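In what follows, a single structure is set out as structure tokens and then discussed.
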Amino acid sequence: MEEEAEAEEQQRFSYQQRLKAAVHYTVGCLCEEVALDKEMQFSKQTIAAISELTFRQCENFAKDLEMFARHARRTTINTEDVKLLARRSNSLLKYITDKSEEIAQINVERKARKKKKSEDGNHNSRELAEAGVVESEK
Amino acid sequence: MEGVGAGAGFRKELVSRLLHAHFKDDKTKGAVSGDSLQLMAELLKIFVVEAAVRAVRQAQAEDAILVDVDQLEKVLPQLLLDF
């Protein structure tokens with residue numbers, strides 16, 4: 001039984017390592033962009049430190065989001081909860097609020113385009129069907 | 001913030017896994033809305049970029065040739081307070 005618990009612990013540990021590695025990769029890419037923009041190099045330790053920082057900050061974010069949703073008596077986390085995370089800095093809050101509207105807008109447009117596509121598709125197949133009916137009646 | 005535009009970023013799936021790994025409540029383990037994941041990805045991106053840019057500014061103020069952990073440490077307290 002101890003072996004099982006140990007194996008599970010190992011699995012959880014390696015999963016966490018994979019997550020950290022994925023974060024590290026993204027952090028590396030973002031820092032590279034900043035480095036190019038500001039013409040300043042980052043040491044490897046700095047990138048690793050930012051990566052570790054981001055990973056730990058996610059834990060705080062996750063717990064907060066969970067609590068905000070529960071406070072609002074919801075089981076699903078939504079954008080209002082995320083906006084609350086950004087409350088401590090005014091400029092951050094404004095940026096996030098603007099972004100959330102941008103995202104909502106993009107998704108509305110995307111859904112409208114999908115709906116139009118499927119409507120056009122139905123329209124075309126209806127035309128073909130009617131043409132077919134007329135043909136056979138002849 | 002305009003310098004770092006539509007380049008790198010956090011993928012939605014990664015964000016989802018990161019959050020789920022830390023959820024405590026069994027009821028929440030279901031659900032983060034898609035829009036929220038995108039917004040969280042933005043927030044995380046800003047977090048990283050802010051950390052990086054502030055560290056750069058510190059290094060520039062110190063006339064350092066590269067951004068090392070020493071510079072990052074100095075900007076850390078304010079960064080964490082802002083988030």
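Computed from a prediction, not measured in an experiment: that's the story for all the values here.
Both the backbone and the side chain of A:Leu53 come within less than 4.5 Å of a heavy atom in chain B. In this structure, chain B has no heavy atom under 4.5 Å from any part of A:Ile47. Heavy atoms closer than 4.5 Å to chain A are found in the side chain of B:Leu79, but not in its backbone. Looking at B:Leu72, the atoms closer than 4.5 Å to chain A (heavy atoms on both sides) all sit in the side chain, from C-beta outward. With a threshold of 4.5 angstrom between heavy atoms, A:Glu80 does not approach chain B through any atom at all. Using a 4.5 Å cut-off between heavy atoms, B:Ile65 contacts chain A through its backbone alone, with no side-chain atom that close. Interface remark: A:Ile50 contributes backbone and side-chain atoms alike to the contact with chain B (heavy atom separation under 4.5 Å).
Counting heavy atoms from C-beta on, the side chains of A:Asn60 and B:His22 never come closer than 4.5 Å. At a threshold of 4.5 Å between non-hydrogen side-chain atoms, the residues A:Thr79 and B:Gln38 do not count as touching. By the 4.5 Å heavy-atom criterion applied to side chains, A:Cys58 and B:Leu44 are counted as neighbours. Residues B:Asp82 and A:Leu92 have side chains not in contact (no heavy-atom distance under 4.5 Å, counting atoms from C-beta outward).
One N or O on the side chain of B:Ser36 and one on the backbone of A:Ile77 form a donor-acceptor pair closer than 3.5 Å.
Contact detail for A:Ile96 and B:Leu39: the closest heavy-atom pair is O-CD1, 3.7 Å. The two residues B:Gln60 and A:Lys38 make their nearest non-hydrogen contact at NE2-O, 4.0 Å. Of all heavy-atom pairs spanning B:Leu81 and A:Arg88, the tightest one is O-CD, 3.6 Å.
A:Glu39 CD: 12 or fewer foreign heavy atoms inside a 6.0 Å radius. Atom CZ of A:Arg74 has more than 12 neighbouring heavy atoms from other residues, nucleotides or ligands inside a 6.0 Å radius. Annotation for A:Asn90: atom CG does not count as buried by contact number, only 12 or fewer foreign heavy atoms lying within 6.0 Å. In this structure, A:Arg56 places its CZ atom where only 12 or fewer heavy-atom neighbours from other residues, nucleotides or ligands lie under 6.0 Å away.
In the hydrophobic clustering of ILVMFWY residues, with side-chain heavy atoms under 4.5 Å counting as a link, B:Leu80 and B:Leu43 come out together. In terms of hydrophobic clustering, with Ile, Leu, Val, Met, Phe, Trp and Tyr side chains grouped at heavy-atom distances under 4.5 Å, A:Tyr95 and B:Val48 are assigned to a common cluster. Note on A:Leu36 and B:Val67: separate hydrophobic clusters, where clusters join Ile, Leu, Val, Met, Phe, Trp and Tyr whose side-chain heavy atoms are under 4.5 Å apart, directly or indirectly. A continuous path of hydrophobic side-chain contacts links B:Ile46 to A:Leu84 [ILVMFWY only; heavy atoms under 4.5 Å].
Using a 30° and 60° split on the angle between ring planes, A:Phe61 and B:Phe83 fall in the tilted class, from 30° to 60°.
Annotation: maximal heavy-atom pairing with chain A below 4.5 Å, among B:Leu14, B:Val15, B:Leu37, B:Leu76, occurs at B:Leu14. Across A:Gln41, A:Glu59, A:Gln45, the residue that shares the most heavy-atom pairs under 4.5 angstrom with chain B is A:Glu59. For chain B, the option among A:Ser43, A:Ala48, A:Cys31, A:Ser51 with the highest count of heavy-atom pairs below 4.5 Å is A:Ser43.
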Derivation and outcome, side chain to side chain contact (heavy atoms under 4.5 Å, CB included), residues B:Leu66 and A:Phe42: CA-CA 6 Å; B:Leu66 65 60; A:Phe42 287 88; over 6 Å; no
Derivation and outcome, side chain to side chain contact (heavy atoms under 4.5 Å, CB included), residues B:Phe23 and A:Lys63: CA-CA 6 Å; B:Phe23 284 153; A:Lys63 290 194 187 148; over 6 Å; no
Chi angles and distances behind the side-chain hydrogen bond (donor to acceptor under 3.5 Å, both in side chains) call for A:Asn78, B:Asp35: CA-CA 7 Å; A:Asn78 66 18; B:Asp35 278 11; over 6 Å; no
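Inspection of non-hydrogen atoms places A:Leu19, A:Ala22, A:Val23, A:Thr26, A:Val27, A:Cys29 of residues 16-29 of chain A under 4.5 Å from chain B.
Counting only residues at least two apart or on different chains, the salt bridge (charged side-chain N to carboxylate O under 4.0 Å, His left out) pairs with a member in residues 59-73 of chain B are B:Glu62-B:Lys74.
Taken from CD in A:Glu66 to NE2 in B:His20, the straight-line distance is 9.5 Å, to the nearest 0.5 Å. Atom CG of A:Leu65 is separated from atom CE of B:Met40 by 5.5 Å, given to the nearest 0.5 angstrom.
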